[in-house]
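Side-chain atoms are counted along with the backbone in the values below, which use heavy atoms only and exclude waters and symmetry mates. Here is how names work: the chains are called A, B, and so on, in the same order as the sequence lines, proteins then strands, and each is numbered from 1.
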Amino acid sequence: MPFYNPNEIEAKWQARWEEDGIYQADVDPDRPKYYALTMLPYPSGDLHIGHWYAMTPPDARARYLRMQGYNVMFPIGFDAFGLPAENAAIKRNIHPREWTYKNIERMRKQLRSMGAMFDWRREMVSADPEYYKWTQWFFIKLFENGLAYHKYSPVDWCPNCNTTLAREQVWGDDRHCERCGTPVIKKDLDQWFFRTTRYADELLKFDAIDWPERVRTLQTNWIGRSEGASVIFTTEQGDALEVFTTRPDTLWGATFMVMAPEHPLVAKLTTPEQKKTVDAYVLQATRQTDVQRESADKEKTGVFTGGYAINPVNNERIPIWIADYVLMSYGTGAIMAVPAHDQRDFEFARKFGLEIRVVIQPEGEDISSDKMSEAIPAHGMMVNSGHLSGTPSGQAFDKAVAYIEGLGKGRKAVNYRLRDWLISRQRYWGAPIPMVYCEKCGVLPVPEEQLPVLLPDDVEWKPTGESPLKLHPTWRFTTCPNCGGKAERETDTMDTFMCSSWYHLRYLSPWYHEGPFDPAEYDYWMPVDNYTGGIEHATMHLIYTRFFHKALRDMGITRGDEPMLQLRNQGIVLGEDSEKMSKSHGNVVAPDNLVSAYGADTLRAYLMFFARWDLGAPWSNSGIDGTHRWLRRVWSVMLEQAPGVTASAEVVRNLLRKTHQTLRSVTHDFENFEFNTIISSLMELLNEMTKAKAQGAWGTQAWDETVNIYIRMLAPVAPHISEELWQLTGNRYSVHQQAWPVLDEEAAAEDKVTLVVQINGKLRDRIEVPADIDDEGAKNLALNSEAVQKFLGASQPRQVIYVKGRLVNIVV
RNA sequence: GCCGAAGUGGCGGAACAGGCAGACGCGCACGACUCAAAAUCGUGUACCGAAAGGUAUGUGGGUUCGAUUCCCACCUUCGGCACCA
């Protein structure tokens, strides 16, 4: 028996597969396609265990689907622009390009050691000019179609990363930067945005895609749709003051209005007597951080402007206040306050002695405003509401909206929490935004034939807070594509989430020059059939890429409503101490070391086995030993000859049964991403083989069939050892070009079953019966069993339940 | 406060559709081989009990002949949202 040396056989077969190009996926109209995609890695330097966890189980599944007859594309590439490269440059004075491409080179080698079926001809690197040329081209398309715009506004700024961030990249209660954890601050800047909000409603639709409930919920919450009405109040000076409300039926209960301190009408509304107080309040409000302002348990503050507005439904004159609990960033930055029915307004009114008027009376109660201790959000009958008084809650909303529409003072409206996507970054290592500013002609896109706008190499990337490209002596100066006069380039670069919004399209044809992708490849491969990655992208990348696809569809560039039909999330591999892996914890598991110690096959199998893939778990150094032992036992059980073929017909029959039962469950589990039970089923079958071998099964036809099926089932999991075993057991190269085994239902069928006998639901006996036993037969056997007789004693069974092939329950 | 997910041995986890709870592996114990150890192989391993038997899937109820699985309430952990009008 040859010795199992993983390092030797893995290197050997990887080279051979590469040479033969057995994993190359080409358009083939005769075969069903399957586009399996895993989120592309950032080239941070070393492949870590998380990459293996994210990539090798999906690789096994892609291999399984290939054996099932699909033409499977499983590509790989690099999300190569981004901050860490630039930070390395600042810290160690290495050019970001050099740092990035060195890392990519290193990671390519590490990725190859996985033995995955990547088709390397389709590799893309987002920092390559031929890639970002098309990133820029897409930007221009979005601009031309009114989906990219620039605007001067308050935006989130990370003082550590020295750049603005999208709303999605600001996390948590303390509003910190998603990358570095530093709390963000507000800055007023001229920035580029994509109009994601235009797609808010469509992004809420998930019926065409099989995505985890969790992701759908996160996206739904993030988009935050709320239905209500937009109502126009009028200030005494005649200005329209628009508000959004989800409760138009409480309009008659609006006893004052509140504006955000930043609201543009504040200055005009403020009377001379109030000016001092108002100015002071506005000043202290702007000084506070968002976190301070938005903390819910803070006591309400605010000041009266001196101004008044007219309520359109009853022409009442109501005071206008400013308060920081009203946010300029949501709705219109102004609200109608209905203290009787909104807790926040209630607290505000009580504190400042403003009128509280009940306009919704819950059934069977008689609530008066002076006795209330909190707002009543409950629905009930409208009261104190003019001609609509007496309207029950079921109709109140619609009737109120119809009324204000009739007055020409409002309409039904929907509001979203989702903001447009801020994509400008004041950093160097990204795709330059392909726009120029001409004094005469305004803001213009760079003409298509001039793309890509190349990122210059000779740049000072000091963290000044300004875009490094702005400080370049010549780069920013150009000529206007329209008038030929002097013009300046946009010096900000794009958010790298822009690069990753369309990489799945570049994989289709990274060699293609006439467009971002070859339409023939698109027609065959798209959409992505299965997408895998971490949950952390639920409200970032996964919203962006859906938006991007829909925008492209509306421009006629892509087809179909969704880019990725099925999504599955893997969990996280924690350190052995159950903490998140990090250098500072000293609990990092290095896959390279594990590959040299155990081989890639063991690591792949262990990552599939050690936890539920969607949950993840702490790493275990002793756990991987068990998986390695299993592969070594597979090797010796199959290759070590046993003397004499003496197995009984029963042993042979049992072996084949177990083999086909295993095939059934392994097939089911691959379909359903239940990787851990694939391995345990294969372990069980090996245990059965070990027993059968001890009983003389080695060398029988059934043994050979079992070995043959076993190796094919093992092939997706542990591709190298399987290829070697396939060859050593006398088969032709390559096991990875074999079909998935066909299930023999007859062989898998049980002819005897063990019936569980219960009395009152308690286990009392087990009896062996033929699988095809009928109702009466089973019940009789059970009733006559010794144990049942003993327990039953004198009592008579009241009812006997038989569940076919499973149990008999005797009720006494 | 709102929304979502998860609670099963010493550990990771299994149980397809309401029907033997704990598969498989780790760990541990004992045994074989060995001068010895490692490796390997074998046996055992939820808890209480000498046994018969009993008790167990976060807690308490319910439905059912039968509940880890379905329903209700609660507790804990994790994640998201949050003065969102």
Next item on the list: Test Leu781(A) against Val808(A) for side-chain contact (heavy atoms from CB on, under 4.5 Å), laying out the working first.
Entry: CA-CA 10 Å; Leu781(A) 273 177; Val808(A) 178; over 6 Å; no

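- In this entry rA50(B) has no Watson-Crick or G-U wobble partner, no candidate having both defining distances under 3.5 Å.
- Taking atom C1' on both nucleotides, rC35(B) is separated from rC26(B) by 31 Å, rounded to a whole Å.
- Within 4.0 Å (heavy atoms only), Arg764(A) reaches sugar-phosphate atoms of the nucleic acid but no base atom.
- Residue Leu807(A) is in base contact, counting any heavy-atom pair closer than 4.0 Å across all strands shown.
- At the phosphate of rA56(B), neither OP1 nor OP2 sits under 4.0 Å from any side-chain N or O atom of Lys762(A).
- Look at rG9(B): its glycosidic torsion is within 90° of 0, and that puts it in the syn range.
- Rounded to whole Å, the separation between the C1' atoms of rU68(B) and rA17(B) comes to 15 Å.
- At a threshold of 4.0 Å, the pair Glu745(A)-Arg664(A) counts as salt-bridged, since one of the basic side-chain nitrogens sits closer than that to a carboxylate oxygen.
- Atom C1' of nucleotide rC11(B) and atom CD1 of Ile624(A) are separated by 17 Å, given to the nearest angstrom.
- Contact annotation: Arg798(A) side-chain N/O to rC65(B) OP1/OP2 distance is not under 4.0 Å.
- Checking rA23(B), rG80(B), rG27(B) against the side-chain heavy atoms of Ser680(A) singles out rA23(B) as nearest.
- Heavy-atom neighbours of Arg214(A) CZ from other residues, nucleotides or ligands within 6.0 Å: at or below the threshold of 12.
- Gln758(A) comes within contact range of at least one nucleobase, with a heavy-atom separation under 4.0 Å.
- In this structure, CH2 of Trp222(A) is placed 12 Å from C1' of rA82(B), rounded to the nearest angstrom.
- Spacing between rC3(B) and rC65(B) at atom C1', rounded to whole Å, works out to 39 Å.
- Nucleic acid contact class of Gly224(A) (heavy atoms, under 4.0 Å, all strands): none.
- Atom name C1', nucleotides rU8(B) and rC24(B): the rounded distance is 16 Å, in whole Å.
- Classification of Arg411(A) and Glu242(A) as a salt-bridged pair holds, one side-chain N sitting under 4.0 Å from a carboxylate O.
- Trp630(A) comes within contact range of no nucleotide atom at all, as no heavy-atom separation falls under 4.0 Å.
- Note: CD1 (Ile679(A)) to P (rA14(B)) measures 13 Å, nearest angstrom.
- Remark: the separation of the C1' atoms in rG19(B) and rG27(B) is 32 Å, to the nearest Å.
- Nearest-nucleotide assignment on RNA chain B puts the 5′-proximal partner with Thr690(A), out of Thr690(A) and Gly761(A).
- If you check distances only, the side chain of Arg417(A) never reaches the base of rC84(B) with a donor-acceptor pair under 3.5 Å.
- Formation of a donor-acceptor pair under 3.5 Å by the Trp171(A) side chain with backbone atoms of Gly181(A) is not found in this model.
- Separation of the Trp619(A) and Tyr606(A) ring centroids falls under the 6.0 Å cut-off.
- Of the nucleotides present, none pairs with rA23(B) by Watson-Crick or G-U wobble criteria with both distances under 3.5 Å.
- No side-chain donor-acceptor contact under 3.5 Å links Lys409(A) to the backbone of Val313(A).
- Distance noted for atom C1' between rA73(B) and rC28(B): 41 Å (whole Å).
- The side chain of Asn676(A) contributes an N or O atom lying less than 4.0 Å from OP1 or OP2 of rA14(B).
- Picking from rA23(B), rG4(B), rG19(B) the nucleotide with the shortest atom distance to the side chain of Glu684(A) gives rA23(B).
- For rC41(B), the OP1/OP2 oxygens have a side-chain nitrogen or oxygen of Arg633(A) closer than 4.0 Å.
- For the C1' atoms, the distance linking rA46(B) with rG22(B) amounts to 7 Å, nearest Å.
- Taking for each of Arg167(A) and Met336(A) the nucleotide of RNA chain B with the nearest heavy atom, the 5'-most of the two is the partner of Arg167(A).
- Pair check for rA14(B) finds none; no Watson-Crick or G-U wobble contact set falls under 3.5 Å.
- For Ala617(A), whose side chain is taken as the heavy atoms from C-beta onward, the closest listed nucleotide among rG12(B), rA85(B), rC20(B) is rG12(B).
- Nucleic acid contact for Ser226(A): sugar-phosphate only, since backbone atoms but no base atoms lie under 4.0 Å from a heavy atom of the residue.
- Judged by distance alone, with hydrogens and angles left aside, the side-chain atoms of His537(A) form no donor-acceptor pair with the main-chain N or O of Leu542(A) at under 3.5 Å.
- When the P atom of rC24(B) is taken as reference, atom CG of Asp669(A) falls 15 Å away, rounded to whole Å.
- For Tyr325(A) and Phe348(A), the distance between ring centers is under 6.0 angstrom.
- Using the Watson-Crick or G-U wobble rule with both distances under 3.5 Å, rG1(B) pairs with rC81(B).
- Comparing rA21(B), rA85(B), rG19(B) against the side chain of Thr245(A) picks out rA85(B) as the nearest.
- The side chain of Val326(A) approaches rA85(B) more closely than any other nucleotide in the set rA14(B), rA85(B), rG19(B).
- rC35(B) makes up no base pair with any nucleotide shown, lacking Watson-Crick or G-U wobble contacts both under 3.5 Å.
- Counting non-hydrogen atoms under 4.0 angstrom, Gly616(A) reaches the backbone sugars and phosphates but no base.
- With hydrogens and angles ignored, a donor-acceptor pair closer than 3.5 Å exists between the side chain of Asn809(A) and the base of rC65(B).
- Straight-line distance between the P atoms of rC47(B) and rG9(B): roughly 12 Å, to the nearest whole Å.
- Out of rG27(B), rC83(B), rG12(B), the shortest distance to the side chain of Arg629(A) is found at rG27(B).
- Atom P of nucleotide rC3(B) and atom CZ of Arg214(A) are separated by 18 Å, given to the nearest angstrom.
- Base pairing annotation: rG7(B) forms a Watson-Crick or G-U wobble pair with rC75(B), both donor-acceptor distances under 3.5 Å.
- Contacts of Val811(A) with the nucleic acid, taken as non-hydrogen atoms under 4.0 Å apart, involve only primed sugar atoms and P, OP1 or OP2.
- Base pairing of rU64(B): no nucleotide in any strand meets the Watson-Crick or G-U wobble criterion (both distances under 3.5 Å).
- Here the P atom of nucleotide rC24(B) and the OH atom of Tyr606(A) are 18 Å apart, to the nearest Å.
- Between the side chains of Thr602(A) and Thr627(A), no donor-acceptor pair is found at a separation under 3.5 Å.
- The CG atom of Leu418(A) sits 18 Å away from the P atom of rC84(B) (whole-angstrom rounding).
- Across all strands shown, rA29(B) pairs with rU43(B); the Watson-Crick or G-U wobble distances both stay below 3.5 Å.
- The phosphate of rC84(B) (OP1 or OP2) has a side-chain N or O of Arg344(A) nearer than 4.0 angstrom.
- Looking at heavy-atom distances under 4.0 Å, Asn687(A) makes contact with sugar-phosphate atoms alone, never a base.
- In this structure, CG of Leu743(A) is placed 19 Å from P of rC16(B), rounded to the nearest angstrom.
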